[in-house]
Q: 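Here it is, the structure, as structure tokens.
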Amino acid sequence: MKLQTVKGTKDILPSEIQKWHYIERTVRRVFERFGYEEIRTPVFEETSLFLRGIGETTDIVGKEMYTFQPDAASSESLTLRPEMTASVMRAYLQHGLRASAPITKVYYISELFRKERPQAGRQRQFWQFGCECIGSAAPEADAEVIALMSMIYRTLGVQNTVLRLNSLGNLETRKRYRDALREYLRPNYEKLDAISKERFEKNPLRILDSKNPDLADVIAAAPRIIDYLDTESKAHFETVQTYLKQFGIDYVIDFKLVRGLDYYSQTAFELQSADLGAQDALGGGGRYDGLAATLGEDKETPAVGFASGIERLIIVMEKLRLFDMLEKKVPMVMFISQSDAAREWTMTAAMQCRQAGIDADVDLLRRSFKAQMKESNRVGAHYAVIAGENELQSGKFQLKNLATSVQEELTFNEILEKLKIEK
RNA sequence: GAGAUUGUAGCUCAGCUGGUUAGAGCGUCGGUUUGUGGCACCGAAGGUCGAGGGUUCGAACCCCUUCAGUCUCCCCA
């Protein structure tokens with residue numbers, strides 16, 4: 001049996017890594033511009049963190065987690081993280097970060113694991129960048145997080161996106177709305193499909209998300225959560241929108257946007273791309289004021305955040321040709337030897353270049369002179385330094401500019417000085 | 001988890017209704033004055049046709065199973 005990556009996972013080869021570096025670089029820069037600091041948490045956690053944090057009725061917890069028992073003799077259960085928010089909140093509470101600052105703003109770029117059926121833009125190990133802003137219940141925090149996400153995409157040049165926005169209100173409004181929705185749906189119960197019937201009991205809000213065209217009419221006429229918001233939630237939502245307008249960020253209200261995870265409340269948002277298939281959500285997030293409480297914290301811990309899929313972003317950016325300007329890293333100079341003695345010289349000469357901060361490369365295959373020249377060209381080196389018996393005798397080497405084919409005779413020190421200026 | 005579809009050299013793909021040693025382009029390697037790359041020309045290496053089983057005189061091609069990709073549903077990033 002051949003060894004290969006397991007279902008839903010993939011290698012990121014050197015030929016592709018530049019795209020990742022470019023995205024990571026850009027993402028970090030924008031996060032830091034907003035005053036966010038990076039946080040890194042373990043890839044696995046106690047299973048109960050996700051059970052409590054994400055919600056037992058969600059698909060993630062129900063069937064998508066990689067859960068294992070490291071020790072057969074113990075009942076300890078661990079899980080590869082399926083998302084970051086619960087882990088970040090755990091870290092925030094564990095280290096008492098609220099005590100060291102009134103607000104905590106952290107970002108992450110991490111790999112996550114969910115055991116779903118893979119398809120384009122949906123892997124079992126996948127990467128997300130995102131942030132959590134913990135400590136503020138004010139709509140300013142919501143607005144800033146949305147603006148931050150939006151600025152990342154704008155900086156990367158991603159277009160053809162739609163920002164969908166909704167408010168889920170607080171816990172009570174959500175509950176009142178859920179009841180109202182059930183009352184509305186009850187007479188139509190027989191029209192619902194099997195999945196919706198199941199949701200009717202567990203989480204009727206998710207029926208609104210159904211793609212079944214037969215339900216479109218029923219859904220369109222359903223009561224809207226916005227009409228059930230209490231005055232405080234309503235004011236919060238309106239303030240968020242006012243800021244978005246002031247920032248020049250376009251959005252559409254979508255009352256069907258409920259998001260899958262239980263911990264969301266108040267603002268919910270999602271960014272869709274027209275350049276993706278069925279998995280068209282590039283990123284999404286919202287407010288989750290109740291999460292800390294479900295993890296056992298008794299102090300109020302309001303928070304907002306978003307998460308964004310990197311594999312999907314890459315698909316979109318490839319389609320939009322946003323990577324075309326990336327250039328392959330090339331060595332400044334390639335050392336080429338013509339004899340055994342010369343090879344020894346090129347090895348140490350290349351080392352001296354590197355110590356001087358110059359990107360240098362040298363033949364490790366003991367290949368022919370010609371093959372070394374071809375290799376310099378293949379890797380795109382700017383210069384070749386040619387060393388043979390004559391050069392070793394005279395102490396002067398050929399420095400060849402591979403773009404212009406112009407060649408000059410210089411001592412090694414002169415070569416070093418010249419390359420230092422060019423680097 | 002359900003359905004559909006695809007799977008031939010490192011990459012992108014040809015291979016007519018099953019018929020002898022499975023092809024091309026790109027890439028890789030070598031050569032065309034063994035001290036000078038790119039371009040051009042010449043040549044080579046590289047495939048148990050995803051894997052396993054079956055039908056057949058004969059299978060890349062037909063059947064079954066399995067693995068993986070892709071698409072849809074579900075769900076989500």
Side-chain angles (χ1 to χ4, degrees), chain A residues 1-10 13 15 54 57-64 82-85 108-130 149 193-196 198-199 203 206-207 209-213 257-261 264 269-273 276-285 305-316 334 336-339 342 365 367-392 397-407:
Chain A
M1 198 181 102
K2 261 186 239 168
L3 291 173
Q4 55 177 38
T5 51
V6 306
K7 186 205 267 273
T9 67
K10 61 175 187 179
L13 299 176
S15 55
I54 300 173
T57 65
T58 61
D59 280 17
I60 292 177
V61 166
K63 55 188 187 190
E64 296 172 0
E83 59 112 43
M84 278 301 286
T85 303
Y108 54 82
I109 302 176
S110 336
E111 65 277 66
L112 306 173
F113 307 85
R114 287 182 204 171
K115 204 150 97 196
E116 296 182 277
R117 190 85 158 77
Q119 63 190 67
R122 189 167 76 185
Q123 270 82 48
R124 288 184 165 186
Q125 175 177 345
F126 61 102
W127 289 76
Q128 286 187 344
F129 61 81
M149 181 174 89
D193 50 43
I195 297 152
S196 297
E198 200 185 317
R199 288 170 171 172
N203 190 353
R206 298 247 298 276
I207 295 176
D209 232 357
S210 176
K211 284 175 191 163
N212 186 342
L257 177 69
V258 292
R259 318 260 332 137
L261 278 33
Y264 285 112
F269 57 93
E270 183 171 296
L271 193 78
Q272 283 181 331
S273 168
L276 286 168
Q279 312 305 319
D280 65 352
L282 266 177
F306 81 90
S308 197
I310 299 183
E311 284 85 354
R312 290 183 188 179
L313 175 59
I314 288 176
I315 292 172
V316 170
M334 193 78 168
I336 290 171
S337 56
Q338 204 270 322
S339 69
L365 294 169
R367 293 211 288 174
S368 71
F369 179 84
K370 193 188 184 78
Q372 292 179 54
M373 283 303 292
K374 289 183 83 161
E375 181 67 5
S376 326
N377 193 64
R378 195 185 69 80
V379 300
H382 293 115
Y383 289 95
V385 171
I386 295 163
E389 289 311 307
N390 300 340
E391 286 78 6
L392 290 183
F397 302 88
Q398 310 293 330
L399 178 69
K400 179 164 191 172
N401 182 321
L402 290 167
T404 62
S405 292
V406 175
Q407 192 164 310

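Reckoned from all heavy atoms, side chains included, excluding hydrogens, waters and symmetry mates.
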Q: Would the base of B/G35 count as contacting A/E391 through its side chain, where contact means a donor and an acceptor less than 3.5 Å apart?
A: yes
Q: Using the C1' atom in both, what is the distance from B/U28 to B/U12, to the nearest Å?
A: 16 Å
Q: In whole Å, measure the gap between the C1' atoms of B/G47 and B/G23 for me.
A: 11 Å
Q: Would you say the base of B/G35 and the side-chain of A/K370 have a donor-acceptor pair closer than 3.5 Å?
A: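 Answer is no: no donor-acceptor pair is held.
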Q: For A/R367 and A/G388, take the nucleotide of RNA chain B holding the closest heavy atom to each; which residue's nucleotide lies nearer the 5' end?
A: A/R367
Q: Just how far, in rounded Å, is P of B/U36 from CG of A/N390?
A: 12 Å
Q: Choosing from B/G35, B/G3, B/G30, which nucleotide comes nearest the side chain of A/R117?
A: B/G3
Q: Please name the nucleotide paired to B/U48 by Watson-Crick or G-U wobble geometry with both distances under 3.5 Å, or report none.
A: none
Q: The criterion is salt bridge (charged side-chain N to carboxylate O under 4.0 Å, His left out); which residues satisfy it with A/R378, sequence neighbours excluded?
A: A/E375
Q: Would A/L402 and A/M373 satisfy side chain to side chain contact (heavy atoms under 4.5 Å, CB included), going step by step from the backbone distance to the final call?
A: CA-CA 10 Å; A/L402 290 167; A/M373 283 303 292; 4.3 Å; yes
Q: Please work out if A/A381 contacts a base, only the sugar-phosphate, or nothing of the nucleic acid, heavy-atom cut-off 4.0 Å.
A: nothing
Q: My understanding is that a pair needs two contacts under 3.5 Å, Watson-Crick or G-U wobble. By that rule, which nucleotide pairs with B/U20?
A: none
Q: Side chain of A/A120, heavy atoms from C-beta onward: which of B/G30, B/U70, B/U36 has the nearest atom to it?
A: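 So the nucleotide nearest the side chain must be B/U70.
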Q: Is the backbone of A/R122 close enough, under 3.5 Å, to the side chain of A/E311 for a donor and an acceptor to pair up by distance?
A: no
Q: In whole Å, what separates the C1' atom of B/A45 from that of B/G27?
A: 13 Å
Q: Write down the partner of B/G1 under the Watson-Crick or G-U wobble criteria, each distance required to be under 3.5 Å.
A: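 Answer to the pairing question: B/C73, which forms a Watson-Crick or G-U pair with B/G1.
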Q: Please give, in whole Å, the distance from B/A2 C1' to A/Q119 CD?
A: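 The answer, rounded to whole Å, is 13 Å.
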Q: Please state the P separation for the pair B/G50 and B/C13 - nearest whole angstrom.
A: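 Straight-line distance between the two P atoms is 15 Å.
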Q: Does any nucleotide pair with B/C41 by Watson-Crick or G-U wobble geometry, both distances under 3.5 Å, and what is it?
A: B/G31
Q: Measuring only the P atom in each nucleotide, how far is B/C41 from B/A24? A whole number of Å is fine.
A: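 16 Å, rounded to whole Å.
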Q: Rounded to whole angstrom, note down the C1' distance from B/U70 over to B/G31.
A: 43 Å
Q: Atom CD1 of A/I207 and atom C1' of B/C74: how far apart are they, to the nearest Å?
A: 14 Å
Q: NA contact type, A/E83, heavy-atom cut-off 4.0 Å: base, sugar-phosphate, or nothing?
A: nothing
Q: If we call it a pair only when both distances are under 3.5 Å in a Watson-Crick or G-U wobble match, what pairs with B/G25?
A: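 For B/G25, the partner nucleotide comes out as B/C11, under the 3.5 Å rule.
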Q: Base, sugar-phosphate alone, or nothing: which one does A/R378 contact when heavy atoms must sit under 4.0 Å apart?
A: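 Answer is sugar-phosphate: A/R378 comes under 4.0 Å of backbone atoms only.
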Q: Would A/Q338 and A/E391 count as a side chain to side chain contact (heavy atoms under 4.5 Å, CB included) if you check the C-alpha gap in whole Å, the side-chain angles of each, and the deciding distance to 0.1 Å?
A: CA-CA 10 Å; A/Q338 204 270 322; A/E391 286 78 6; over 6 Å; no
Q: Using whole Å, report how far CG of A/L402 lies from C1' of B/G37.
A: 7 Å
Q: Name the pairing partner of B/A68, where a pair is Watson-Crick or G-U wobble with both distances under 3.5 Å, or state none.
A: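 Check on B/A68: paired to B/U6, both distances under 3.5 Å.
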Q: For A/L271 and A/P118, find the nucleotide of RNA chain B closest to each by heavy atoms; which residue's nucleotide sits nearer the 5' end?
A: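 Its nearest nucleotide being more 5', the pick is A/P118.
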Q: Please tell me which of the listed nucleotides, B/A2, B/A77, B/C67, lies nearest to the side chain of A/Q128?
A: B/A77
Q: If we ignore hydrogens and angles and just use 3.5 Å, is the side chain of A/S339 paired with the main-chain N or O of A/G388 as donor and acceptor?
A: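 No; zero donor-acceptor contacts below 3.5 Å.
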Q: Using a cut-off of 4.0 Å on non-hydrogen atoms, how would the nucleic acid contact of A/Q407 be classed: base, sugar-phosphate, or nothing?
A: base
Q: What's the closest nucleotide to the side chain of A/R122 if the choices are B/U36, B/G69, B/C73?
A: B/C73
Q: Is the shortest side-chain heavy-atom distance between A/S110 and A/Q128 below 4.5 Å?
A: no
Q: N/O contacts under 3.5 Å, protein versus nucleotides 39-44 of chain B?
A:
none

Q: If we take the P atom in both B/U17 and B/C11, what is their distance in whole Å?
A: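 27 Å, rounded to whole Å.
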Q: Let's see if you can work this out: which of B/C74, B/G37, B/A68 has an atom nearest to the side-chain heavy atoms of A/K400?
A: B/G37
Q: Evaluate whether the aromatic ring of A/F126 and the six-membered ring of the B/A77 base sit under 5.5 Å apart, centre to centre, with an inclination under 30°.
A: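 The base of B/A77 is stacked with A/F126 (centres under 5.5 Å, planes under 30°).
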Q: Give one of base, sugar-phosphate or nothing for A/Q398, where a contact means two heavy atoms less than 4.0 Å apart.
A: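 Touches a base.
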Q: Which whole-number value in Å describes the distance from A/L399 CG to B/U36 P?
A: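 After rounding, the gap between these two atoms is 18 Å.
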Q: For the residue pair A/R312 and A/G121, what are the closest heavy atoms and their distance?
A: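 Heavy-atom minimum between the residues: NE-O, 2.6 Å.
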Q: Rounded to the nearest Å, what distance is computed from the NZ atom of residue A/K374 to the C1' atom of nucleotide B/C29?
A: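 So the NZ-C1' distance, A/K374 to B/C29, works out to 8 Å.
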Q: How would you label the contact of A/Q123 with the nucleic acid (heavy atoms, under 4.0 Å): base, sugar-phosphate, or nothing?
A: base
Q: What nucleotide, of B/G30, B/G35, B/G69, holds the atom closest to the side chain of A/I386?
A: B/G35
Q: Rounded to whole Å, please give me the gap between CD in A/Q338 and P in B/G37.
A: 13 Å
Q: Quantified in whole Å, what is the C1' atom distance between nucleotide B/U21 and nucleotide B/A60?
A: 16 Å
Q: Taking any heavy-atom pair under 4.0 Å as a contact, classify A/G8: base, sugar-phosphate, or nothing.
A: sugar-phosphate
Q: Once hydrogens and angles are ignored, does a donor-acceptor distance under 3.5 Å link the base of B/A77 to the side chain of A/E116?
A: yes
Q: Working note: A/Q125 + A/T9, criterion side chain to side chain donor-acceptor pair (under 3.5 Å); need CA distance, chi angles, decisive distance, verdict.
A: CA-CA 6 Å; A/Q125 175 177 345; A/T9 67; over 6 Å; no
Q: Any donor-acceptor pair, under 3.5 Å, between the side chain of A/S405 and the base of B/G38, if you only look at N and O atoms?
A: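 Such a pair is found, so the answer is yes.
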Q: Rounded to the nearest angstrom, tell me the gap between atom CZ in A/F269 and atom C1' in B/A77.
A: 13 Å
Q: Treating A/Q372 as the side-chain partner and A/R367 as the backbone partner, does any N or O pair qualify as donor plus acceptor under 3.5 Å?
A: yes
Q: Remember a base hit wins even if backbone is also touched, and classify A/G130 as base, sugar-phosphate or nothing at under 4.0 Å, heavy atoms.
A: nothing
Q: Any donor-acceptor pair under 3.5 Å linking the side chain of A/R114 with the backbone of A/P82?
A: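 Pair found, side chain donor or acceptor close to backbone of A/P82.
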Q: With heavy atoms under 4.0 Å as the rule, sort A/L282 into base, sugar-phosphate or nothing.
A: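 Touches sugar-phosphate only.
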Q: Please classify the nucleic acid contact of A/A403 as base, sugar-phosphate, or nothing, using heavy-atom distances under 4.0 Å.
A: base
